[in-house]
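Worksheet: the structure to be examined is printed underneath.
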Amino acid sequence: MVQQKLLFVCLGNICRSPAAEAVMKGKLKRAGKDNQVFCDSAGTIGFHSGAKADARMRKQAQGRGYTVTSISRKIKADFDFDRFDMIIGMDDQNIKDLYAIARSPEDHKKIFRMTDFSSQLSYKFIPDPYYGDIADFELVIDLLEDACEGLIKYLNSKEIN
Ligand code: 4NP
């Protein structure tokens with residue numbers, strides 16, 4: 001696996017991308033690869049900047065053994081597109097917003113969609129659970145666990161031997 005820096009992005013950076021960061025960190029740690037991949041998350045809006053992740057997401061993720069520790073922040077194109085190798089959006093609007101702030105074709109190449117890495121579950125985006133119930137948060141974690149497995153396989157396939 002090559003050294004990579006991954007930034008997970010959703011709208012508010014309090015539900016989906018903090019969970020994606022936590023699930024990815026948890027899976028990497030269990031695989032003994034957490035020192036090779038740096039994971040962070042951000043939102044396309046700054047409305048919740050400085051806030052912990054949504055309590056419902058923290059609780060449901062903890063129930064599966066993932067500790068969500070992120071503090072919400074808004075993505076900053078100049079900083080984040082330079083610092084990260086992959087910038088991974090959760091839904092169509094996130095992807096549109098990322099393209100809108102990208103500065104160059106090199107930046108565009110860094111933009112991915114979380115469900116690009118899904119294997120078993122047929123969702124084309126990670127649905128926003130914010131106005132939903134616990135089942136919606138559980139679905140997000142199901143989708144993220146599946147996509148993170150695929151993302152780890154993708155990173156492994158980039159290994160240079
Ligand atoms: P997230 O969920 O993008 O997964 O963090 C949301 C969080 C906040 C809002 C919408 C979605 N909001 O409207 O404040």
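None of these values were measured; they are calculated from a predicted model.
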* **For the student: nearest non-hydrogen atoms of Val68 and Ala22, plus distance** => CG2-CB, 3.8 Å

* Given the rule in the side-chain contact (heavy atoms from CB on, under 4.5 Å) test, do Cys10 and Asp91 qualify, once you have shown the distances and angles that lead to the verdict? -> CA-CA 7 Å; Cys10 62; Asp91 64 23; over 6 Å; no

* Does any N or O in the side chain of Lys27 come within less than 3.5 Å of the main-chain N or O of Ile152, such that one atom is a donor and the other an acceptor? -> no

* Asked: Below 4.5 Å, heavy atoms only, C-beta onward: do Tyr99 and His108 meet side chain to side chain?
  -> yes

* To do: Kindly determine whether Gln3 and Val37 satisfy side-chain contact (heavy atoms from CB on, under 4.5 Å), including the steps that lead there.
  => CA-CA 6 Å; Gln3 295 268 353; Val37 183; over 6 Å; no

* **Pairing of Glu149 and Lys153 as salt bridge, 4.0 angstrom limit** => no

* To do: Please round to the nearest 0.5 Å and tell me the distance separating atom CG of Asp54 and atom CD of Gln60.
  => 10.0 Å

* Are any of the side-chain nitrogens in Arg83 or Asp78 under 4.0 Å away from the carboxylate oxygens of its partner? -> no

* Between atom SG of Cys15 and atom CE of Met57, what is the distance when rounded to the nearest 0.5 Å? -> 5.5 Å

* Ion pair present between Lys76 and Asp80, side-chain N to carboxylate O less than 4.0 angstrom? -> no

* To do: Enter the distance from Cys39:SG to Phe8:CZ here, rounded to the nearest 0.5 Å.
  => 5.0 Å

* To do: Can you measure from CG (Asp34) to CE (Met24) and round to the nearest 0.5 angstrom?
  => 11.0 Å

* **same_hphob_cluster(Met86, Phe38) at 4.5 Å side-chain heavy-atom cutoff** => no

* Asked: Does the distance from a Lys or Arg side-chain N to an Asp or Glu carboxylate O, for Asp92 and Arg113, drop under 4.0 Å?
  -> yes

* Mark yes when over 12 heavy atoms from residues, nucleotides or ligands other than Phe47 sit less than 6.0 Å from its CZ; otherwise mark no. => no

* Asked: Backbone N or O of Pro129 within a donor-acceptor pair of the Arg56 side chain at under 3.5 Å?
  -> no

* To do: State yes or no: do Leu144 and Leu11 share one hydrophobic cluster built from I, L, V, M, F, W and Y residues joined by side-chain heavy-atom distances below 4.5 Å, directly or via other members?
  => no

* Can you say whether the rings of Phe112 and Phe117 are parallel (under 30°), tilted (30 to 60°) or perpendicular (over 60°)? -> tilted

* To do: Answer yes or no: is there a donor N or O on one side and an acceptor on the other, between the side chain of Ser17 and the main chain of Gly43, under 3.5 Å?
  => no

* To do: Calculate, to the nearest 0.5 Å, the distance between atoms CG and CD belonging to Leu28 and Gln4 respectively.
  => 11.0 Å

* Asked: Which one of Leu151, Val9, Thr115 satisfies the side chain to side chain contact (heavy atoms under 4.5 Å, CB included) criterion with Ile88?
  -> Leu151

* Asked: Does the side chain of Ile101 reach to within under 4.5 Å of the side chain of Thr44, using non-hydrogen atoms?
  -> no

* Atom OH of Tyr123 with >12 non-hydrogen neighbours under 6.0 angstrom -> no

* Asked: Salt bridge between Asp82 and Lys5, side-chain N to carboxylate O under 4.0 Å?
  -> no

* Structure fact -> Taken to the nearest 0.5 Å, the spacing of Leu7 CG from Phe81 CZ works out to 8.5 Å

* Are Met90 and Ile87 connected in a single hydrophobic cluster, I mean Ile/Leu/Val/Met/Phe/Trp/Tyr linked by side-chain heavy atoms less than 4.5 Å apart? -> no

* Asked: Can a donor-acceptor pair be found between the side chains of Lys74 and Asn13 at a distance below 3.5 Å?
  -> no

* Walk me through it: do Cys148 and Met114 pass the test side-chain contact (heavy atoms from CB on, under 4.5 Å)? => CA-CA 8 Å; Cys148 285; Met114 193 73 209; 3.7 Å; yes

* Asked: Are Asn156 and Lys33 close enough, and set up right, to give a side-chain contact (heavy atoms from CB on, under 4.5 Å), and what steps lead you there?
  -> CA-CA 10 Å; Asn156 280 332; Lys33 300 200 165 184; 2.8 Å; yes

* To do: Output yes when a side-chain donor or acceptor of Arg58 lies under 3.5 Å from a complementary backbone atom of Ala53, and no otherwise.
  => yes

* To do: Apply side chain to side chain donor-acceptor pair (under 3.5 Å) to Asp97 and Asn94, showing your working.
  => CA-CA 5 Å; Asp97 291 340; Asn94 303 153; 5.2 Å; no

* **Closest contact, heavy atoms only, Ser70 versus Glu21** => CB-OE1, 3.4 Å

* Answer yes or no: is there a donor N or O on one side and an acceptor on the other, between the side chain of Asp136 and the main chain of Asp133, under 3.5 Å? => yes

* Between Leu143 and Ile141, is there a shared hydrophobic cluster once you connect ILVMFWY residues whose side-chain heavy atoms come closer than 4.5 Å? -> yes

* Asked: Which atoms form the tightest heavy-atom contact between Ile111 and Ala102, and what is the distance?
  -> CD1-CB, 4.3 Å

* When hydrophobic residues are tied together by side-chain contacts of less than 4.5 Å, even through go-betweens, does Ile75 share a cluster with Ile95? -> yes

